[in-house]
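Note that this is a predicted model, so its numbers are computed, not measured.
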Amino acid sequence: MLIYILKRVFIFIPTLIAISLLTFVISINAPGDPVDLMLNKSVGGDGQASEKLATEKSYEELRHKLGFDKPLFYFSITNATQPDTLYKIPQKTHRETLQRLSFTYGNWADISNYYHLIKKFENQLYNIKRNEETAIDLRKMKELTNTLYNNYDEFKINTIFNNLEFTLTQNKVLKYQLQGTFNALKNSVLRILENKNPFNKYKPDIHWYGTDNQYHHWISNFIQGDFGISYQDKRPVSSVLWDALKWTFILSSLSIIIAYFVAIPLGVLSAVKKGTKTEKSITTTLFVMYSLPNFWIATMLIIFFCGGDFFDWFPAFGLGTLPETAPFIERFFETAYHYILPLICVTYASFAFISRQMRGGMLNVIGQDYIRTARAKGVDEKNVVWKHAFRNSLLPIITLFASVFPAAISGSFIIEVIFSIPGMGKLTLEAIFARNYPIVFTVLMFTSILTLIGTLVSDIMYAAVDPRISFSAKK
Amino acid sequence: MPETENRNIEPEKINLAEMAKDQSYWASVKRQFNKNKLAVYSLRIIFVLVFIALFADFLANEKPIIASYKKSIYFPVFKEYAVNMGISEWPAEMQNISSWRDLKFEWAVWPLVPYLPNNIDFINAQSVGPFDEQEVPSKFWRHWLGTDELGRDVFSGMIHGTRIAVMVGLISMGIASLIGIFLGALAGYFGDERLRLSIASILLNIVSLFFALYYGFGSRSYILADAIGVSFGLFLKELFISFMVIALIFAMGNLISYALKNVPFLNRKIKIPVDIMISRLIEIMLSVPTLFLIISIAAISKPSIFTVMAIIGFTSWTGIARFIRAELLRIRSLEYIEAANALGFSEFRTMLKHAIPNALSPVLVAVAFGIAAAILIEATLSFIGVGVPAESITWGSLLSAARQSTSAWWLAIIPGFAIFITVTIYNLVGEGLTDALDPRQKK
């Protein structure tokens with residue numbers, strides 16, 4: 001048995017690696033720059049050189065702190081047009097533009113020269129003193145130069161250059177100071193077009209980076225229990241998750257307890273009384289309940305029972321507005337009051353599902369020969385049902401256990417969103433929308449780990465309940 | 001258990017009428033299925049839904065179906081199909097029409113609901129209910145199921161939403177079945193022992209896989225990404241080219257490996273544990289929190305209903321794969337497969353032509369339940385507003401509109417009921433099929 005468990009735990013590893021890779025791929029393909037997200041502003045804009053320098057410096061510092069200045073993965077497979085040091089360029093949008101340019105034109109040396117000249121030109125722009133004569137044109141040129149970073153289309157780049165040149169010819173002060181760099185910049189574009197080498201993109205290029213990469217750092221921190229920092233509120237992920245987990249845990253555990261306590265007797269009853277009218281109405285109701293989408297029921301409950309044009313019996317959103325200092329009892333009742341509707345929505349579906357499974361299992365058992373034997377030898381019906389049949393019909397319920405663990409985290413997610421309960425589901429959805437990937441990562445990994453553990457536990461319980469199942473003597 | 005029960009049937013109990021019936025496998029399945037009245041009615045409702053989905057443009061449209069305008073007869077709905085396909089163009093007097101109902105037609109045959117889901121009726125905006133006073137020219141123009149906040153007709157949205165729901169079910173389960181059947185069949189038919197490949201072909205296939213991915217997707221990534229921004233049709237075309245490239249590279253790889261087989265070392269055969277590999281993959285897929293995964297992918301990709309379908313398809317093939325794996329594990333040891341092997345057919349041919357067709361019936365069950373789940377997932381996604389573009393109207397997005405205007409009960413009841421009914425009937429058909437395919441139920 002122990003060997004079996006160890007074996008299973010060993011199999012967790014490839015599964016978890018696969019899931020972590022999947023999330024990692026999603027996170028690096030997400031649009032938006034996490035560093036920008038955390039700084040709440042982007043580099044550039046109309047300011048003085050010192051200001052720009054300060055922003056750039058804080059950007060790079062944060063980037064270094066978050067570990068984004070490292071290569072993505074252990075190795076990279078790209079085409080020959082891209083340098084293996086592309087990750088060193090700070091801004092994500094710049095990287096994407098350069099990647100695209102080098103893909104189309106295939107001559108990295110010229111493109112890198114072009115990029116450095118843009119930077120040089122921009123720095124010169126920021127170093128020019130603003131006065132009445134230059135302010136407007138300077139601002140316009142800064143904006144235009146900034147758009148160069150995001151454009152890879154030949155036609156659009158040309159348009160930007162024409163605009164820049166036009167502004168430059170209008171203003172003598174600027175022309176005197178900038179003409180040289182501008183000409184160099186323009187020439188660099190021409191050189192890119194001249195030295196075009198589009199076949200480079202068909203040459204594969206594999207590069208090995210070693211363990212000093214983003215994925216490695218993230219996964220080793222994860223194993224050590226450091227889940228990173230939430231981009232939105234800059235708190236550690238573990239504390240954000242802990243706050244949310246509390247609410248979800250209350251909701252899910254209550255719902256599971258209620259569901260099991262009502263569903264199991266109901267399932268047994270409907271199996272025992274098979275064919276009667278009671279049974280038929282129970283089964284139909286359960287089937288209907290099982291198919292009812294819970295977000296529909298939640299919406300209907302809010303519309304009909306939470307104000308609107310109908311009854312105003314329950315609060316529609318949140319967990320109440322009582323301050324932390326209010327007496328515990330008061331806060332308890334306030335929260336409980338807000339929990340009633342969400343609890344109904346989370347519970348009814350799992351309740352119907354469990355009853356149906358219980359009924360199926362019970363029906364299977366009741367048709368067996370040994371039940372007939374028990375009845376024939378005169379055991380009274382109550383004992384037949386609860387002593388002989390019930391224990392053996394628990395098997396399907398045990399399988400369900402596997403799904404209870406992950407459901408405790410993510411199961412009630414849409415209900416939390418609808419009723420604005422600050423639990424895991426709502427947190428995760430908001431994190432996905434805000435591209436707050438440390439949180440998404442952690443939730444996905446934990447849900448997967450819990451699913452794996454749940455499956456393992458239910459397999460072990462199978463063996464505990466049913467002596468016919470043994471893991472040690474596998475054929 | 002089932003075999004013993006079947007053997008117990010005594011010969012005299014089979015009456016002649018029963019004997020006269022068609023005894024083929026599918027005929028008996030059909031007979032069993034027809035006994036389940038609920039499932040039969042559900043199947044009929046599915047046909048109705050498919051009909052509504054196919055003819056949504058003729059049931060709810062802002063244009064008349066046939067109309068006479070300035071002494072000539074037009075078929076505006078058909079014309080629109082032609083214009084969209086680029087075969088035809090609108091006549092000058094019908095270009096850029098803001099409101100078709102204001103045109104002075106001599107006569108016109110209008111669709112059942114004379115609105116498109118996106119048409120905004122400014123007079124009846126702010127959620128007018130089905131029983132409320134509506135400012136419409138005549139009863140025909142009434143919004144029978146009310147309007148939403150912006151003044152869009154709910155009935156029309158429901159009809160066009162049916163199209164999306166039906167499409168989501170079919171396309172996502174189509175993708176899932178292709179992947180599931182292929183992988184499940186490989187695992188079940190070959191198991192861990194039966195697939196033996198020479199070292200040459202393993203090596204060459206791995207190398208081909210690398211180059212195929214590189215040239216098929218890697219060096220075409222920007223082309224594909226740009227195409228999806230232009231139109232779905234262009235994306236399909238580019239995707240097709242990618243697949244052709246991949247097929248070509250694999251063909252070349254296998255051709256070279258054929259030549260390399262003359263080297264004795266490279267021709268040595270190795271067992272490939274397909275079953276272990278695929279079962280592990282299924283296990284991984286099952287432990288991934290699918291809904292979160294779908295939402296995260298949908299949140300980073302460009303909103304499109306086809307992306308949603310593809311994601312659902314790629315994440316929900318495990319059920320089908322498990323069914324077909326179990327079925328092929330049984331079938332592969334039957335005599336007729338041995339016979340096919342003895343006749344010298346290739347393993348793949350035997351699997352595709354003889355084994356898989358006989359294992360497809362349990363897949364039907366998985367597909368029926370899968371469609372129900374897919375429709376529910378799509379409704380959930382559009383309810384929270386992920387993945388589905390803001391301008392496309394689905395049952396889920398109609399339902400979510402009820403959250404903004406809480407007095408509009410019709411926005412909550414109608415689309416929700418449609419989702420519920422659709423999910424239920426697919427589940428009922430699935431249950432009916434399960435019973436019909438179960439040999440224990442046979443009488």
* To do: For each of I449(A), I19(A), L16(A), tally heavy-atom pairs with chain B at distances under 4.5 Å, and name the one with the top tally.
  => I19(A)

* Asked: Within the side chain of W296(A), is there an N or O that forms a donor-acceptor pair under 3.5 Å with the backbone of F420(B)?
  -> no

* With sequence neighbours excluded, tell me which residues meet ring pair (Phe, Tyr, Trp, His ring centres under 6.0 Å) with Y426(B). => none

* Indicate the ring-plane relationship of Y222(B) and F103(A), choosing parallel, tilted or perpendicular according to the 30° and 60° boundaries. => perpendicular

* Asked: Does CZ in R356(A) sit with more than 12 non-hydrogen atoms of other residues, nucleotides or ligands closer than 6.0 Å?
  -> yes

* Which region of S400(B), side chain (C-beta onward) or backbone (N, CA, C, O), has a non-hydrogen atom less than 4.5 Å from a non-hydrogen atom of chain A, or is it both or neither? -> neither

* Is there side-chain contact between F292(B) and F413(A), with heavy atoms separated by less than 4.5 Å? -> yes

* CE/M300(A) to CG/L399(B) distance, rounded to the nearest 0.5 angstrom? -> 9.0 Å

* Structure fact -> Sorted by chain and residue number, the side-chain hydrogen bond (donor to acceptor under 3.5 Å, both in side chains) partners of K156(A) (sequence neighbours excluded) come out as none

* **Which portion of I206(A) sits near chain B, non-hydrogen atoms under 4.5 angstrom** => side chain

* Interatomic spacing from CD1 in I413(B) to CD1 in I303(A) - rounded to 0.5 Å -> 8.0 Å

* Asked: What part of F417(B) is in contact with chain A, defined as an atom under 4.5 angstrom from a non-hydrogen atom: side chain, backbone, both or neither?
  -> both

* Where does A372(B) contact chain A at under 4.5 Å (heavy atoms): side chain, backbone, both or neither? -> neither

* Asked: Which of residues 426-433 of chain A have a heavy atom under 4.5 Å from any heavy atom of chain B?
  -> T428(A), L429(A), I432(A), F433(A)

* Structure fact -> Ranking T104(A), I418(A), T23(A) by heavy-atom pairs under 4.5 Å to chain B gives rank one to I418(A)

* Asked: In Å and rounded to the nearest 0.5 Å, what is the OH to OH distance from Y202(A) to Y215(B)?
  -> 9.0 Å

* Asked: Step by step, would you call T299(A) with R403(B) a side-chain contact (heavy atoms from CB on, under 4.5 Å)?
  -> CA-CA 7 Å; T299(A) 317; R403(B) 290 173 68 201; 4.1 Å; yes

* Structure fact -> E154(A) meets the salt bridge (Lys or Arg N to Asp or Glu O under 4.0 Å) criterion, sequence neighbours left out, with none

* Contact check, side chains of I26(A) and I297(B), non-hydrogen atoms, under 4.5 Å -> yes

* Asked: Which distance, rounded to the nearest 0.5 Å, do you find between the CG of L22(A) and the CE of M285(B)?
  -> 8.0 Å

* Calculate, to the nearest 0.5 Å, the distance between atoms OG and CZ belonging to S296(B) and R435(A) respectively. => 11.0 Å

* Asked: From L286(B) CG over to S448(A) OG, what is the distance, rounded to the nearest 0.5 angstrom?
  -> 11.5 Å

* To do: Given side-chain contact (heavy atoms from CB on, under 4.5 Å), test I384(B) with F295(A) step by step and report yes or no.
  => CA-CA 10 Å; I384(B) 54 176; F295(A) 56 93; over 6 Å; no

* Contact summary for V423(B) and S291(A), nearest pair of heavy atoms -> CG1-O, 4.3 Å

* To do: For the pair Y290(A) and T424(B), evaluate side-chain contact (heavy atoms from CB on, under 4.5 Å) and give the outcome as yes or no after the intermediate values.
  => CA-CA 9 Å; Y290(A) 170 60; T424(B) 310; over 6 Å; no

* Asked: Does the pair E283(B)/R8(A) count as a salt bridge with the N-to-O cut at 4.0 Å?
  -> no

* Which of Y214(B), W409(B), F383(B) touches chain A most, by non-hydrogen pairs under 4.5 Å -> Y214(B)

* **Residue part contacting chain B, namely of V288(A), when any heavy atom lies under 4.5 Å** => both

